[in-house]
K.L.:
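Got a structure for you, questions after.
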Amino acid sequence: MKRRFKITVGGKTYEVEVEETTPAEPEPAPPPYIGPPRILTEPPKRTPTPRPALSPPPKKIEASRAAVAPTPQLQQIQPSPPETAAAVTGETIKAPLPGVVVSIKVKEGDQVKQGDTLLILESMKMENSLAAPRSGVVKRILVQHRASVQHGDPLIVLE
Amino acid sequence: MSALLPFPFSNIVMIGVGVLLVYVAVWKRYEPLLLVPIGFGAILVNLPFSGLNEPGGFLRILYDVGIATELFPILIFIGLGAMIDFSALFERPWVMVFSIPAQLGILAALLLSLALGFNPAEAISIGIIGAMDGPTAIYVTSTYAPSLLPAVTVCAYSYMSLIPLLQIPLSKLIVSKRERAIRMDYKPSRYPKVMKIVFPILVTVIVGSLAPKGIPLIGSLMFGNFLRESGVVDRLAKSAQNELANITTILLGIAIGGTMVADQFLRLQTILIFALGLVAFIVGLSCGLLSAKLLNIITKGKVNPLLGATGVSAFPMAGRTAHLIAREEDQGNWLLMHAMAANVGGQIASVIAGAALLTYGEMLGALPAV
């Protein structure tokens, strides 16, 4: 099911096409916040997965459902230049297939061994685990949970 | 009071078969969507005095309305068409070449059945197991030899759910370790988007004019796909994918289960049909693999021959299995897109094979039963 969206970010208009490759499922409700009061600086997360504090801005705006949702805070998201991945030293793990990131198993800064599962990519309704090609430290995670990626898109930088 | 013990042994065996089908569906997850209703129907119909298969019994009504008329497989095809995304195939249309040899299992089982003394109508119905496609098998069999429906249907679905058990050893036997490790370029070719809309109509017209008796099959499949790709009737496409397909699956499954009465199922010929079906699956998979090996030689090592086994229908299991075999030995080998493309190609090819058998079966002396 393809849907077209027009998104204006920082004065630039992007026309994006979103293809939903998984059957629609109800978005999980955000977990109730039970800590001390805080000031919301970003749109409430739609997924209960914990996100690393230094998570980069979504590299591909069309990729993130949360970013596509018509929230007024959308302007806060700055588009990052596409060179982000290349600018970082280390080995970039690229998407071997088009698909949706259904689970990210590591956090930035994590030590991983060769063969450890980094993330799970759902493609053609099949879940594929992406393993670390070698041992190292997860330097950057360039995608978010539920992001849809194209073949060759950078996913994770290992160092 | 002998009527209290009217439980013929054969009925107990058939209830056992029903329980077995339910067991493998629930605990082994083999094609549960079909084997649960089929198994339950088989249990129901074999309870003495249930009368479910007598005129007026609800399983008989479902059979008369949906299977004797061939309506249910057609409705399933509308739903299936709405689920299939052909874009991976459009990006690499050459993978269709595997679909033709992969259908040779049909021919093998058909000829072998004739040799074993089945009449042509029965031989075609047994051969169609090699199409590895449930609705096609049901449609063709109910046209030619309805009495074989329970055996053919249960056989086709059982082997389809067991496809990894056949595909993995055959692939490893025929394709060498070095060939299995071949990585294929991911180079999707671009195609005009209008293709997606034109394709279902074009296929229907071409196949329909070559094999007119197969129009209900290919036409309903492509109608469902057109609902999906036209882009203007999302509501209808969604209903076809979900409600229509699900409701029809329930009714079709339980009605097929209702045909599993002891005196039709517990025969030597059922065992023969299962054996012939196995031949059909093995020949189909092997021919696909061998043709891919050949293509690999011709292209000087650009094609991973594991793809050959995905030219069968058995969608999406065959495609996934090929991908998993390749990844098992090399985590970085990603065959999935190619395998799925070949697998949807196989889906089309099996329907075309069914259409051809419906249209040209008479040349073998097979007359439609109805």
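Chain A is the first sequence line, chain B the second, and so forth, proteins listed ahead of strands; every chain is numbered from 1.
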K.L.:
Can A:Met124 and B:Asp85 be said to form a side chain to side chain contact (heavy atoms under 4.5 Å, CB included), step by step?
P.N.:
CA-CA 9 Å; A:Met124 308 297 282; B:Asp85 182 356; over 6 Å; no
K.L.:
Apply the test side chain to side chain contact (heavy atoms under 4.5 Å, CB included) to residues B:Gln331 and A:Leu130: give CA-CA distance (whole Å), side-chain angles for both, the deciding distance (0.1 Å), then the verdict.
P.N.:
CA-CA 8 Å; B:Gln331 280 283 308; A:Leu130 232 73; over 6 Å; no
K.L.:
Can you tell me if B:Arg327 uses its side chain to pair, donor with acceptor, with the backbone of A:Asn128 under 3.5 Å?
P.N.:
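Flag not set: sc B:Arg327 to bb A:Asn128 has no pair under 3.5 Å.
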K.L.:
Pick one of side chain, backbone, both or neither for B:Asn242, based on which atoms fall under 4.5 Å of a heavy atom in chain A.
P.N.:
neither
K.L.:
To the nearest 0.5 Å, tell me how far A:Lys125 NZ sits from B:Met83 CE.
P.N.:
7.5 Å
K.L.:
So do A:Met126 and B:Pro316 actually touch side chain to side chain, heavy atoms under 4.5 Å?
P.N.:
no
K.L.:
Can you see which heavy atom on A:Pro96 is nearest to which on B:Tyr186, and at what distance?
P.N.:
O-CD1, 4.5 Å
K.L.:
What is the minimum heavy-atom distance between A:Ser129 and B:Trp334, and which atoms define it?
P.N.:
O-CH2, 4.0 Å
K.L.:
Please report the interatomic distance NE2(B:His323) to CG(A:Leu97), rounded to the nearest 0.5 Å.
P.N.:
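Answer rounded to 0.5 Å: 6.5 Å.
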K.L.:
Before giving the answer on side chain to side chain contact (heavy atoms under 4.5 Å, CB included), spell out for B:Met337 and A:Ser123 the whole-Å C-alpha distance, their side-chain angles and the decisive distance to 0.1 Å.
P.N.:
CA-CA 9 Å; B:Met337 294 309 279; A:Ser123 184; 4.1 Å; yes
